[in-house]
Amino acid sequence: MEKDTIKNIRAFNRYYTVWLDVISKSYLGTGFSWPESRVLFEIYISDDISATELCEHLNMDKSYVSRILAKLEKNKLITRELVVGSKGTKKLHLTDLGIKEAKQIDKNGDTQIIQKLKAMDTENCEKLCEAMMLIEKILRENDNKTTNSEDEICM
């Protein structure tokens, strides 16, 4: 891969994370950091997810997720339920307060995008969405190739 390609991708990533304001201590006007918000929201959209599944899905360090979950539990946003017959597997559930916070994160996320793109004309907005869908498609295809090549190596 050419150095310019790498530089361009990294420059875009730096710009986009600032544009989305994910580095802020209070993401989307909540009392949560971006990783905390993402974990809470992921539990909201993924019914009966375990901590291990959450780590795998978000590709996050287990100890980091554990600290986030402890904070969310302390703040009465989540509960953990032991799965009967498992060796300690616990499913994560949002409390009513957790659901309320997750819905607020979702609403604030929509509002953020609306505000940031309100001056953009429809044609450019459509182009932006198409470009984002293309980026996601290409990255997912690459992830699948990487996963499949790892599977072949393990056989």
Side-chain angles (χ1 to χ4, degrees), residues 9-10 12-120 122 124-151:
I9 291 170
R10 294 188 68 217
F12 173 80
N13 289 343
R14 286 190 301 273
Y15 173 79
Y16 192 62
T17 55
V18 170
W19 187 85
L20 279 177
D21 199 28
V22 298
I23 300 170
S24 171
K25 283 185 178 181
S26 180
Y27 181 61
L28 294 174
T30 67
F32 307 107
S33 67
W34 181 83
E36 292 166 345
S37 296
R38 184 61 201 265
V39 166
L40 185 67
F41 190 74
E42 201 63 36
I43 296 167
Y44 175 65
I45 62 172
S46 304
D47 193 38
D48 277 344
I49 195 167
S50 71
T52 301
E53 292 166 334
L54 186 64
C55 292
E56 290 170 1
H57 181 70
L58 295 176
N59 196 26
M60 289 176 71
D61 178 73
K62 288 180 183 182
S63 61
Y64 187 39
V65 171
S66 180
R67 290 190 300 274
I68 291 172
L69 292 175
K71 179 180 178 181
L72 296 176
E73 191 171 32
K74 180 182 175 188
N75 291 328
K76 302 191 182 329
L77 300 170
I78 67 163
T79 60
R80 303 180 208 212
E81 177 186 353
L82 186 62
V83 176
V84 178
S86 73
K87 296 182 180 180
T89 300
K90 294 180 181 177
K91 294 293 182 174
L92 306 170
H93 303 281
L94 295 181
T95 63
D96 289 342
L97 181 59
I99 291 169
K100 180 181 172 187
E101 291 289 344
K103 285 181 178 181
Q104 190 63 51
I105 290 167
D106 193 26
K107 181 181 174 194
N108 291 1
D110 288 351
T111 301
Q112 177 196 44
I113 299 304
I114 290 166
Q115 289 300 311
K116 288 187 171 286
L117 300 180
K118 68 182 175 186
M120 186 180 290
T122 303
N124 278 333
C125 191
E126 287 174 4
K127 286 179 185 178
L128 177 66
C129 288
E130 288 170 8
M132 291 175 133
M133 290 188 307
L134 178 61
I135 290 168
E136 183 177 352
K137 178 182 181 278
I138 291 169
L139 292 176
R140 285 185 186 275
E141 287 172 356
N142 185 68
D143 285 347
N144 289 337
K145 287 179 186 176
T146 303
T147 302
N148 289 338
S149 66
E150 288 173 0
D151 291 344

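Residue numbers run from 1 in the order of the sequence given. Note that the structure is predicted; figures quoted are calculated from it, not measured.
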*So how far is it from Glu136 CD to Leu134 CG, rounded to the nearest 0.5 Å?*
10.5 Å

*Where the side chain of Ser33 meets the backbone of Lys25, is there a donor-acceptor pair that is under 3.5 Å apart?*
no

*Tyr15 and Phe12: aromatic ring centres closer than 6.0 Å?*
no

*Compare every heavy atom of Tyr27 with every heavy atom of Asp21, then report the nearest pair and how far apart it is.*
O-CD1, 3.5 Å

*Let me see the working for Phe32 and Leu72 under side-chain contact (heavy atoms from CB on, under 4.5 Å), right down to the final yes or no.*
CA-CA 10 Å; Phe32 307 107; Leu72 296 176; 4.1 Å; yes

_Can you tell me if Asn13 has over 12 outside heavy atoms packed within less than 6.0 Å of its CG?_
yes

_Could you measure the distance from the CG atom of Leu58 to the CD atom of Glu42? Nearest 0.5 Å is fine._
5.0 Å

*Not counting sequence neighbours, which residues clear ring-ring contact (aromatic ring centres under 6.0 Å, His included) with Tyr64? List them please.*
none

*For atom NZ of Lys116, decide whether the heavy atoms of other residues, nucleotides or ligands shown that lie under 6.0 angstrom number more than 12.*
yes

_Measuring only between side-chain heavy atoms, which start at C-beta, is Val39 closer than 4.5 Å to Ile78?_
no

*What distance do Lys71 atom NZ and Ser66 atom OG have between them, rounded to the nearest 0.5 Å?*
14.0 Å

*State, with a plain yes or no, whether a side-chain heavy atom of Asp48 is found less than 4.5 Å away from one of His93.*
yes

*Quick one: does Asp61's side chain have a donor or acceptor within less than 3.5 Å of a partner on Ser63's backbone?*
yes

*asked:* How close do Trp19 and Gln112 get, counting heavy atoms only, and between which atoms?
replied: O-NE2, 4.4 Å

*Output, in order, the C-alpha distance, side-chain angles, deciding distance and verdict of side-chain contact (heavy atoms from CB on, under 4.5 Å) for Leu20 and Ile113.*
CA-CA 8 Å; Leu20 279 177; Ile113 299 304; 4.1 Å; yes

*asked:* I'd like to know if the side chain of Lys118 pairs up with that of Gln115 as donor and acceptor (distance under 3.5 Å, no hydrogens or angles considered).
replied: yes

*Less than 4.0 Å between a side-chain N and a carboxylate O, is that true for Glu101 and Lys76?*
no

*Go through the steps to decide whether Glu141 and Lys137 satisfy the test salt bridge (charged side-chain N to carboxylate O under 4.0 Å, His left out), and finish with yes or no.*
CA-CA 6 Å; Glu141 287 172 356; Lys137 178 182 181 278; 2.9 Å; yes

_Applying the side chain to side chain contact (heavy atoms under 4.5 Å, CB included) criterion to Lys90, which one of Leu69, Val83, Leu82 satisfies it?_
Leu82

*Derivation of the side-chain contact (heavy atoms from CB on, under 4.5 Å) call for Thr89 and Thr52*: CA-CA 8 Å; Thr89 300; Thr52 301; over 6 Å; no

*Tell me, with the steps shown, if Glu53 and Lys91 meet side-chain contact (heavy atoms from CB on, under 4.5 Å).*
CA-CA 9 Å; Glu53 292 166 334; Lys91 294 293 182 174; 3.5 Å; yes

_How long is the straight-line distance from CD1 of Ile49 back to CD of Glu56, given to the nearest 0.5 Å?_
9.0 Å

*asked:* Quick one: does any side-chain atom of Thr17 pair with a main-chain N or O of Arg14 as donor and acceptor, under 3.5 Å?
replied: yes

*asked:* Between Tyr44 and Ile99, is there a side-chain heavy-atom distance shorter than 4.5 Å?
replied: yes

*Rounded to the nearest 0.5 Å, what's the gap from NZ on Lys107 to CG on Leu28? Could you check?*
12.5 Å

*Give, for atom CG of Leu40 and atom CG of Leu77, the distance between the pair rounded to the nearest 0.5 Å.*
6.0 Å

